[in-house]
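Since the structure comes first, as structure tokens, the remarks are kept for the end.
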Amino acid sequence: MTYSVAVSGASGYAGGEILRLLAGHPDIEIRTVTAHSNAGQPLIEHQPHLRSLSHLTLQETTPEILSGHDIVFLALPHGQSGQYTDALGDSPLVIDAGADHRLTSQDAWDVFYGGAFHEPWTYGVPELLVEGVKQREHLRGATRIAAPGCNASTVSLSLAPGVAAGVIDPSDIVSVLAVGPSGAGKSLKANLLASEILGTANPYAVGGTHRHIPEIRQALRQAQPLRHAQGPGAEDIRISFTPVLVPMARGILATSTAPIIPGVSDAEIRAAWQDAYRDETFVQLLPEGHFPRTADVLGANTALIGVAIDRAAGRVTVVTAVDNLVKGTAGAAIQSMNLALGLPEDRALSVNGVAP
């Protein structure tokens with residue numbers, strides 16, 4: 001069976017990456033691409049690397065144009081998807097790459113985003129632990145999927161095994177991320193100009209203000225064993241989260257640390273991550289003493305993880321590298337789509353990066 005697809009926000013970075021991956025998917029026909037200010041223009045003018053899709057023209061983003069497809073991808077700025085998802089009730093599968101359907105807490109939405117709150121959808125990170133099972137089990141047959149925030153899924157995948165196994169204390173997490181500017185979208189912003197980011201590292205959203213913080217706390221809360229998640233301290237997921245913009249177009253390198261639970265052995269710590277990701281294709285734990293580079297995951301739907309045990313500081317350090325546009329966004333969306341449709345989970349997705 002071939003599934004017809006519409007992709008909104010097709011002139012942007014996330015929309016372009018969704019299209020790049022779908023173009024190699026044997027079960028997909030990309031029928032419609034939409035945009036806002038760029039409507040009426042050839043797709044190839046905005047995505048010149050997508051040569052196989054040069055026949056497509058950007059149409060207006062309206063519910064009428066998006067409806068009538070088997071699958072709709074929404075790659076729109078935060079706060080804009082909801083107006084369309086409300087009108088796409090008859091669409092068999094809708095996948096939102098924005099934040100509108102990620103959070104379960106309206107209070108968290110009001111604090112970090114504001115505007116209309118929309119119901120949470122099935123979260124699109126298959127490898128995450130949710131009360132003892134992987135999120136992929138919830139994605140099988142799903143009809144509404146919220147693709148993750150790239151920083152959020154990177155930190156969540158980094159720490160969920162330790163939280164689930166009870167070997168780290170999630171009340172004192174510190175995460176510092178080196179991120180590429182493509183995660184901020186394609187709209188013109190002065191702070192993202194080449195002259196502003198080349199040769200420098202720029203922190204942003206410092207002091208607990210980044211919008212991905214509640215998404216991380218939500219994912220790690222769900223990773224807690226059921227016996228703890230409903231008891232005292234279940235809400236005690238605290239994280240100091242600092243992203244730093246660095247001069248690379250793509251990529252996230254997340255360094256996260258958390259205290260070791262007293263009495264836990266080094267072998268138990270290492271086993272938490274080994275057990276969580278032993279059978280995973282796209283989340284891979286590196287050998288002890290090895291740590292990833294962003295260069296190793298460019299273009300791949302792969303998260304590479306290195307774990308260090310710092311006994312002097314009494315903390316576990318986890319370093320994770322992803323391509324923010326692939327595993328962080330578009331790849332996660334398509335991996336989740338494959339699960340929802342009953343297709344092989346890795347279809348049209350590669351573990352191999354591009355080098356040099």
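Numbers here simply count residues along the sequence, with the first being 1. What you are looking at is a predicted structure, and each value in this text was computed from that prediction instead of being measured.
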* Asked: Got a sec, which residues hit salt bridge (Lys or Arg N to Asp or Glu O under 4.0 Å) with Arg51, two or more places apart in sequence or on another chain?
  -> none

* Asked: Distance-only, no hydrogens or angles: does the Asp236 side chain make a donor-acceptor pair with backbone N or O of Ser171 under 3.5 Å?
  -> no

* Do Tyr123 and Glu215 have side chains that get closer than 4.5 Å, going by heavy atoms? -> yes

* **Minimum side-chain heavy-atom gap Leu74-Leu66 below 4.5 Å** => yes

* Asked: Within the side chain of Ser182, is there an N or O that forms a donor-acceptor pair under 3.5 Å with the backbone of Ala249?
  -> yes

* To do: Sequence neighbours left out, what pairs pass ring-ring contact (aromatic ring centres under 6.0 Å, His included) with at least one residue falling in residues 195-216?
  => Tyr204-His210, His210-His212, His210-Phe241

* Looking at Leu177 and Ala254, what are the two nearest heavy atoms and their distance? -> CG-CB, 3.7 Å

* **Atom CD of Glu60 with >12 non-hydrogen neighbours under 6.0 angstrom** => no

* Steps toward side-chain hydrogen bond (donor to acceptor under 3.5 Å, both in side chains) verdict (Ser105, Asp107) -> CA-CA 5 Å; Ser105 167; Asp107 289 342; 4.9 Å; no

* Asked: Do Val307 and Ile305 come close enough that some side-chain heavy atom pair is under 4.5 Å?
  -> yes

* Asked: Does one side chain, of Thr104 or Gln218, offer a donor that lies under 3.5 Å from an acceptor on the other?
  -> yes

* Kindly give the heavy-atom pair with the smallest separation between Ala75 and Ala97, and that separation in Å. => CA-CB, 4.2 Å

* Asked: If two hydrophobic side chains count as joined below 4.5 Å and joins carry through other members, does Val326 share a cluster with Val125?
  -> no

* Structure fact -> Here the ring-ring contact (aromatic ring centres under 6.0 Å, His included) pairs for residues 146-171, sequence neighbours left out, are none

* Identify whether Leu139 and Leu349 are in the same connected component of the hydrophobic contact network (ILVMFWY, side-chain heavy atoms under 4.5 Å). => yes

* Where do Val163 and Ile168 land on the side-chain contact (heavy atoms from CB on, under 4.5 Å) test, with the steps shown first? -> CA-CA 6 Å; Val163 172; Ile168 60 172; 4.0 Å; yes

* What closest approach, in Å, do Ala321 and Leu253 show between heavy atoms, and which atom pair accounts for it? -> CB-CD1, 3.9 Å

* Decide whether Val244 and Ile197 are clustered together by the hydrophobic rule: side chain heavy atoms of Ile, Leu, Val, Met, Phe, Trp, Tyr closer than 4.5 Å, transitively. => no

* Separation of Thr2 OG1 from Glu29 CD (nearest 0.5 Å) -> 7.5 Å

* Under the 3.5 angstrom rule, does the side chain of Gln41 hit a backbone N or O of Gln59 as a donor-acceptor pair? -> no

* ring-ring contact (aromatic ring centres under 6.0 Å, His included): pairs with one or both residues in residues 316-356, sequence neighbours excluded -> none

* **Qualifying residues under side-chain contact (heavy atoms from CB on, under 4.5 Å), relative to Glu119, sequence neighbours excluded** => His101, Trp121

* Do Arg211 side-chain atoms and Phe112 backbone N/O form a donor-acceptor pair below 3.5 Å? -> yes

* **Same apolar cluster (I L V M F W Y, side chains within < 4.5 Å links), Leu19/Phe73** => yes

* More than 12 foreign heavy atoms under 6.0 Å from CD of Gln274: is that the case here? -> yes

* If you round to the nearest 0.5 Å, how far is CG of Leu159 from OG of Ser256? -> 4.5 Å

* Structure fact -> Between Ala303 and Thr320, the two heavy atoms sitting closest are CB-CG2, 4.3 Å

* Asked: Do Leu220 and Ile216 touch side chain to side chain, with heavy atoms closer than 4.5 Å?
  -> yes

* Asked: Donor-acceptor pair, Lys189 side chain versus Ala184 backbone, under 3.5 Å?
  -> yes

* Asked: Per the side-chain hydrogen bond (donor to acceptor under 3.5 Å, both in side chains) rule, which among Lys134, Lys327, Gln135 passes with Glu127?
  -> Lys327

* Asked: How far apart are the closest heavy atoms of Val264 and Gly166, and which atoms are they?
  -> CG2-O, 4.3 Å

* Steps toward side-chain contact (heavy atoms from CB on, under 4.5 Å) verdict (Asn191, Asn202) -> CA-CA 9 Å; Asn191 68 309; Asn202 304 329; over 6 Å; no

* **Short side-chain donor-acceptor distance under 3.5 Å, Thr85 and His118** => no

* Quick one: does Ile71's side chain get under 4.5 Å of Ile28's, heavy atoms only? -> yes

* To do: Locate the shortest heavy-atom distance separating Met248 from Pro181; write the atom from each residue and the value.
  => O-CD, 2.9 Å

* Report yes or no: does Glu268 contribute a side-chain atom to a donor-acceptor pair with the main-chain N or O of Val167 at less than 3.5 Å? => no

* Are any side-chain N or O atoms of Tyr277 and backbone N or O atoms of Leu157, one a donor and one an acceptor, separated by less than 3.5 Å? -> yes

* **Gap between atom CG of Asn338 and atom CZ of Arg347 - 0.5 Å precision** => 7.5 Å

* **Side-chain (Asp323) to main-chain (Leu298) donor-acceptor, under 3.5 angstrom** => no

* To do: Any chance you could lay out the side-chain contact (heavy atoms from CB on, under 4.5 Å) test for Trp273 and Val316, step after step, and finish with the verdict?
  => CA-CA 11 Å; Trp273 276 265; Val316 173; 4.0 Å; yes

* Modelled atom types, side-chain donor and acceptor of Thr281 and Asp346, under 3.5 Å -> no

* **Student check: side-chain heavy atoms of Met337 and Tyr3 closer than 4.5 Å** => no

* Leu339 side, atom CG; Ile334 side, atom CD1 - distance, nearest 0.5 Å -> 12.5 Å

* Asked: With a 4.5 Å heavy-atom cut-off, do Leu76 and His36 have their side chains touching?
  -> yes

* Sorted by first residue and then second, give each side chain to side chain donor-acceptor pair (under 3.5 Å) pair with at least one member in residues 4-20; sequence neighbours left out. => Ser4-Asp70, Ser11-Asn38, Glu17-Arg20, Glu17-Arg250

* Nearest-0.5 Å distance, OG1 of residue Thr154 to CD1 of residue Ile252 -> 4.0 Å

* To do: Say whether, by atom type as modelled, one donor and one acceptor occur between the side chain of Thr329 and the main chain of Asn324 under 3.5 angstrom.
  => yes

* Point-to-point distance, once rounded to the nearest 0.5 Å, from OG of Ser156 to CZ of Arg221 -> 11.0 Å

* Salt-bridged, Arg136 to Glu280, with N to O below 4.0 Å? -> yes

* So, the side chain of His69 versus the backbone of Ser67: is there a donor-acceptor pair under 3.5 Å, distance only? -> yes

* Is there side-chain contact between Val5 and His25, with at least one heavy-atom pair below 4.5 Å? -> no

* To do: Show the numbers, then the answer: is there a side-chain contact (heavy atoms from CB on, under 4.5 Å) between Val130 and Glu137?
  => CA-CA 10 Å; Val130 180; Glu137 301 307 320; over 6 Å; no

* Asked: Applying the 4.5 Å side-chain criterion to the ILVMFWY set and letting contacts propagate, would Tyr84 and Ile145 be lumped into a single cluster?
  -> no

